[in-house]
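Written out below as structure tokens is the structure these notes cover.
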Amino acid sequence: MFKKILIANRGEIVVRVIRACHELGIAAVAVYSDADRAALHVRKADEAYRLGPAPASESYLKIETILDVAKKCRADAIHPGYGFLSENAKFARACAEAGVKFIGPSAASMEMMGSKTRARQNMEKAGIPFVPGTSRGLESPEQALQVADKIGYPIMLKAAAGGGGKGMRLVHTAGELKAALEAAQSEAQRSFGDSEVYIEKAIVNPRHIEMQVLADEHGNTVYLGERECSIQRRHQKVVEEAPSPIVDADMRRRMGEVAVRVAKAANYANAGTIEFLVDQQKNFYFLEMNTRLQVEHPVTELVTGLDLVHLQIHIAAGQKLPFKQEDVQLRGHAIECRIYAEDPENNYFPSPGKIVTLAEPAGPGIRLDGGIYEGWTVPIDYDPLLAKLVGYGADRSQATMRLERALGEYFVGGIQTNAGLFRRILKDADFQAGRLDTGYLDRLLKSSSEKIEPASSKEIAAIGAGIFAALETESAATRNDSGKPSKSEWTKTARAEALHS
Amino acid sequence: MFKKILIANRGEIVVRVIRACHELGIAAVAVYSDADRAALHVRKADEAYRLGPAPASESYLKIETILDVAKKCRADAIHPGYGFLSENAKFARACAEAGVKFIGPSAASMEMMGSKTRARQNMEKAGIPFVPGTSRGLESPEQALQVADKIGYPIMLKAAAGGGGKGMRLVHTAGELKAALEAAQSEAQRSFGDSEVYIEKAIVNPRHIEMQVLADEHGNTVYLGERECSIQRRHQKVVEEAPSPIVDADMRRRMGEVAVRVAKAANYANAGTIEFLVDQQKNFYFLEMNTRLQVEHPVTELVTGLDLVHLQIHIAAGQKLPFKQEDVQLRGHAIECRIYAEDPENNYFPSPGKIVTLAEPAGPGIRLDGGIYEGWTVPIDYDPLLAKLVGYGADRSQATMRLERALGEYFVGGIQTNAGLFRRILKDADFQAGRLDTGYLDRLLKSSSEKIEPASSKEIAAIGAGIFAALETESAATRNDSGKPSKSEWTKTARAEALHS
Amino acid sequence: MIYDITIDGKVHKLNMRRKENGWQCQLDGREIAVDAVLMQPNMLSIIVDGRVYEVQRESLAGENHVWVAGIRYKAEVSDPRSLRGRKGGAANESGPRKITAPMPGKVVRLLVSEKSEVEAGQGVMVVEAMKMQNEIKSPKKGIVQKLTAVVGAAVNAGDVLAVIE
Amino acid sequence: MIYDITIDGKVHKLNMRRKENGWQCQLDGREIAVDAVLMQPNMLSIIVDGRVYEVQRESLAGENHVWVAGIRYKAEVSDPRSLRGRKGGAANESGPRKITAPMPGKVVRLLVSEKSEVEAGQGVMVVEAMKMQNEIKSPKKGIVQKLTAVVGAAVNAGDVLAVIE
């Protein structure tokens, strides 16, 4: 087993992996940029080393610097987390060459799945169902028109190197196609340095459901059940759950077997996720494979009772999977909310800054994977994910109610978060009935939102504000006695009163 | 279903029940003594009412005041928690008479189990195995000698109304018996107002294992598996786990079936616990029944995936158990540590006072049921239980490692806790091997305890103390410029330096 | 003490005096007995008629907020007897309007130039923070009188980015 | 700055000066570069040679503690140049010894009377707190010179309960 693991990432996922290391008796090494010296992932690590200035390109993406640190501190493995270098085949290869075990698949598996067209070509060979369309980049607008005619509109143009919705266009008629293709190609070139674009049939109101797989380095591959990830905003997942409200045992087995075939076709080792689009008839189509641990892995951990990070580490250390497919049993239901530093009342603008007050939920059925603490200043330089709040229950309704209860206990003061959005989702009838698709959240946000508030809340707000002011007046008076000026901005005029009256 | 539940208790168990109420959409009413206005259970409730002064006899034990509050606020049920009035048949009866549903068994069931001799008489009729001895109070020293001779020394004298080790004496020879009986009787009289004492054969180094049962009001009774509670100090449980390291499926079934028979013999409804002594040959003997929710119920919840408080409420509302015995499946392993405000380095003296700093653990496999928050002053008036930290894992070793990891994240500053004790237990070879009995903890505490500390910790402590002093010197200098005297006690002389140098 | 308290734009009159375990309040003429305890520096526990409330406060980008039951309210407290309490007030809809940065970040793109005309809701510039690009929109139809934002510059929440006339 | 720092009874010499990202320390003559950040009022994050430490401090019953890696150390900081730093010191084993309350509570029983003889470790009184009765023991063999504790009285941590001569 490894003695020391370096975690080449930042934020909550590093805290998550550090915890797993400590649970396995392995020393955990953090790395940090200048913006992150005070970050929670540095506090929780056994060792920590500076990488460079705040921009990721000068710190968390610096392959050589990270490998230098690994060598210097004698880490024998690197966990890449998600994002940053986690799906970078060059990094995986550089780790192998430096003699440091990369905790994830081989560079070759990553490369096969890194290009969507290459992945489609390979999946075609392996007989995997995927959304009809081309498996190679389009050579001309004419070819595009031909293909689109054959599979029928609406179609979707997608960048082969794509991700995050970039280089993507939905096309409803032949007339729009040429301009859309040009726009997609030039956006793909700008975003990924690769203009390759291909066509997929557009699935109307699909669900996004993904299957977790786990493979050891001895040819054993299992699936651990699906996650429903249809609740998205700007192609960003916001709420995920396991199991999916529409997947039954038979569909799970069929999707799982396809996912295992995908992983085997890619010679895959370690944890990976196969994403599917599911249409309204519950047909599922291979979309892509994520060759890393997912943000939303906790929901799978809660329903399977397994620890995916422990298993990743065991697998990377060369061990065989300690169980077989038939041993994997799902129990209960788990739902995850991604808590972002953004302001739902202000167009979801990011909201970095100092966390002045932090009250975190706990108790039965609640798991909180966080990367923050009271007093910390959330930097402006990185992604706004603060924490993942997960509710687990015997069934979907209990998980929902527990999550709602926990959100009521959660308070982050000093910056804004999207916690209020989740209350709205959890109370929504469509959510509760499991009527979800990737357009769900946009529809919900467009619908009128009444603030659900007890009649007395405003009065209490007024009384509370008054008491805060009065307490400050009193203590300002005391402080002024001792000659010290008070600085609070809460009630200038209230203090003025104390001095004048 | 109930609309509003009053929780007639204080501390973490009230927070636990409030959470269940909120998860079921039920309003939760707290009550508090003058010492508890700022307690967490008051903060988390929907409504809160004062009962009286700090002493429990003037607040949490005032049956009439509590029922008055329940009537005034129109609570339709009362959850008694554990301790205080939870096993008080008079209270259960008063609730029934006031038309408020008592969430627990009937007064008659409580009375049957409240006296240990009466319970033994009933269990004898029902054919339940219990520790050999008398099932009636001893009438004379002569009778005691006769019985002791028959069952063989060592024997145990126990108060019929007993609990918490009071009125209990271990007797090794006939010569000691008479004096011990007198002492036990007079202690029983003082403690419980009842001098009845009976004899049990003393089991050498027993384990304390208990079985959770659940019964609805329609005659359905199930068992939910056992808890190993052998780790005790002064007859107080300190660490509990589920399942027991020595109970296999067959033994679980046999104990469970006996427990169900006990419950049925008592006409029992709601959640209850049957305590067994288990000897070194794994024979188990009925000891007593606790007619309430146990402190340690979370370990059962984690391995069964059920919420016992939800189920208590459903049962009290007249619903049938929503599952059958064969549906109850155990998965994984859970271990609970009771975090007390007491100082292990100072003879386990209680340590009430203000919690200046509080860092709480979270993440995978960790459940924290707490009753405290940063800034709160732990009152001197009540039991020192602050929180229950529970580790869950796929197996006992993973649960242990997670708990150890979580204890490393836990910090309570300003008062002392017994957190360090748990680290010692979790690292102990006998604990890890599951070699436990009720004498385990005393043996561990008597054995020499080396502080397990890295060589550098003392140096870092010195450097840290120096930096705190230096920072204070700097800020004191700044504050002194503004004419305000600084008050900290941290480094008087350090400030002296700042002024003189 | 007497305060004018504005909650989400509505002004309330609050007259309050200390009493045992809290305050006797007169809110818009109605008497309310308030049991209040400051539990943490920014958190009050309030009990009114048995009902429990936690009131949190925070200051954000120059605004004061109070939170009750998970809902955020903009709160302004002023003393009607003080001069300062009277001046100020909301910006006039018809005058020039400042556009301020809603969060700290970096100006990555200007979408208009000085002296150009803009519609209400039209994008004026893009500010990046936390890996997201956010379009800052004009609050009104008018002329871009001043464009103080510079591409590449870091800005803090509340900094004036532009003035629309 | 120069301090004498006593950790669990052992005195260390610490000479420290500010540098970028922290302090250059000389501890008992050994040079140590310390990267230190005050993250919360009572919590320092320290990195030395890449190793991460959290140092918490607390004051309890008149003693200062620092915690490192879950272990509590009694810490005294003094300036060797100051007069106050020199005076004091541990109580003399052979002189009179005060028995102080280890925690707040209520005196429920006296087990000895004034002028009586006690052995080292003998119970002197019982103080109740948090539903537990705690026997307070004599630190040494001697005579109970003074018994200030009164049955039924509330005591605070650090209050003198008795003096053993």
Side-chain angles (χ1 to χ4, degrees), chain B residues 56 234 340-343 345-353 356-357 359 378-384 407-408 410-411 413-416 419-420 423 451-454 456-471 473 488-498 500-501, chain D residues 1-3 5 7-8 10 12 14 16 18 22-23 25 27-28 32 34 36 38 40-44 46 48 51 53-60 62 64 66-73 75-79 81-85 102-106 127 129-132 134 137 154 157:
Chain B
R234 293 180 174 185
Y340 288 115
E342 58 185 24
D343 188 350
E345 291 177 34
N346 193 5
N347 204 23
Y348 290 88
F349 277 140
S351 181
V356 177
T357 312
V378 182
I380 66 163
D381 309 280
Y382 312 105
D383 149 313
L407 284 163
Y410 209 177
F411 182 75
I415 62 171
Q416 296 310 309
R423 295 199 205 183
K451 265 192 189 176
I452 313 146
E453 60 178 306
S456 56
S457 282
K458 275 206 176 94
E459 287 178 12
I460 297 297
I463 290 169
I467 294 174
F468 277 123
L471 293 175
T473 304
S488 164
E489 289 298 307
W490 184 251
T491 44
K492 286 180 198 129
T493 54
R495 274 200 311 282
E497 177 201 32
H500 300 160
S501 64
Chain D
M1 272 165 266
I2 299 175
Y3 296 117
I5 296 177
I7 297 294
D8 276 5
K10 185 164 176 277
H12 300 267
L14 180 67
M16 50 197 290
R18 275 269 188 205
W23 303 79
C25 295
L27 182 70
D28 298 332
I32 303 174
V34 178
L38 188 72
Q40 289 173 322
N42 294 309
M43 204 271 285
L44 271 176
I46 287 180
V48 173
R51 294 203 59 87
Y53 303 90
E54 288 198 5
V55 183
Q56 301 265 10
R57 69 162 166 186
E58 66 176 358
S59 293
L60 198 73
N64 291 318
V66 290
W67 288 80
V68 179
I71 300 171
R72 178 176 68 180
Y73 298 94
E76 287 166 48
V77 180
S78 65
D79 172 7
R81 286 170 293 169
S82 101
L83 271 178
R84 266 159 128 185
M103 71 276 167
K106 208 170 86 175
V127 175
M130 308 190 99
K131 288 175 67 187
M132 280 163 69
N134 308 281
K137 297 185 165 76

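Heavy atoms only: backbone and side chains are in, while hydrogens, waters and symmetry mates are out. The sequence lines fix the lettering, A, B, ..., with proteins before strands; numbering per chain opens at 1.
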Q.
If you compare all heavy atoms of D:Ile5 against all heavy atoms of B:Ala465, which two are closest, and at what distance to 0.1 Å?
A. CG2-CB, 4.1 Å
Q: May I ask you to test the B:Thr473-D:Tyr3 pair for a side-chain heavy-atom distance under 4.5 Å?
A: yes
Q: Evaluate the side-chain contact (heavy atoms from CB on, under 4.5 Å) criterion for residues B:Lys458 and D:Val68: first the C-alpha distance (whole Å), next the side-chain angles of each, then the deciding distance (0.1 Å), finally the verdict.
A: CA-CA 8 Å; B:Lys458 275 206 176 94; D:Val68 179; over 6 Å; no
Q: Among the options B:Asn347, B:Val356, B:Asp383, pick out the one with the most heavy-atom pairs lying under 4.5 Å from chain D.
A: B:Asp383
(Q) Which atoms of D:Arg18 are under 4.5 Å from chain B, going by heavy atoms: the side chain, the backbone, both sets, or neither? (A) side chain
**Q.** Structural part of D:Leu44 lying under 4.5 Å from a heavy atom of chain B
**A.** both
(Q) I need the minimum non-hydrogen distance between D:Gln56 and B:Phe468, along with the two atoms involved. (A) C-CE1, 4.4 Å
**Q.** Region of B:Leu407 in contact with chain D, defined by heavy-atom distances below 4.5 Å
**A.** neither
Q) What part of D:Lys10 is in contact with chain B, defined as an atom under 4.5 angstrom from a non-hydrogen atom: side chain, backbone, both or neither? A) neither
Q) In terms of heavy-atom proximity below 4.5 Å to chain D, should B:Ala419 be classed as side chain, backbone, both, or neither? A) neither
Q: Give, as side chain, backbone, both or neither, the part of B:Tyr340 having an atom under 4.5 angstrom from any heavy atom of chain D.
A: neither
Q: Carefully, step by step, assess B:Asp343 and D:Arg72 under the rule side-chain contact (heavy atoms from CB on, under 4.5 Å).
A: CA-CA 11 Å; B:Asp343 188 350; D:Arg72 178 176 68 180; 3.3 Å; yes
Q. Which distance, rounded to the nearest 0.5 Å, do you find between the CD of D:Gln40 and the OG1 of B:Thr357?
A. 7.5 Å
**Q.** Residue D:Ala129 versus chain B: region with a heavy atom under 4.5 Å
**A.** both
Q.
Quick check: closest heavy atoms across D:Leu14 and B:Ile463, and the distance to 0.1 Å?
A. CD2-CA, 4.1 Å
**Q.** Qualifying residues under side chain to side chain donor-acceptor pair (under 3.5 Å), relative to D:Glu76, sequence neighbours excluded
**A.** none
Q: Taking all heavy atoms of D:Gly105 and all of B:Ile380, pick out the closest pair and write down the distance.
A: CA-CD1, 4.0 Å
(Q) For the CD1 atom of D:Ile7 and the CD atom of B:Glu459, what is their distance to the nearest 0.5 Å? (A) 11.0 Å
Q.
Please find the pair of heavy atoms, one from B:Pro350 and one from D:Met130, that lie closest to each other, and give the distance.
A. CB-SD, 3.7 Å
Q) Side chains of D:Tyr53 and B:Ser457: do they bring a donor and an acceptor to under 3.5 Å? A) no
Q: May I ask you to say whether D:Lys106 pairs ionically with B:Asp381, meaning some side-chain N is under 4.0 Å from a carboxylate O?
A: no
Q | Heavy-atom pair of closest approach, residues B:Ala470 and D:Met16 | A | CB-CE, 3.9 Å
Q | D:Ile46 vs B:Ile467 side-chain heavy atoms within contact, under 4.5 Å | A | yes
(Q) Report which part of D:Val127 has an atom under 4.5 Å of a heavy atom belonging to chain B: side chain, backbone, both, or neither. (A) neither
Q: Only counting residues at least two apart or in another chain, list the ones meeting side-chain contact (heavy atoms from CB on, under 4.5 Å) with D:Pro102.
A: B:Asn346, B:Phe349, D:Ile136
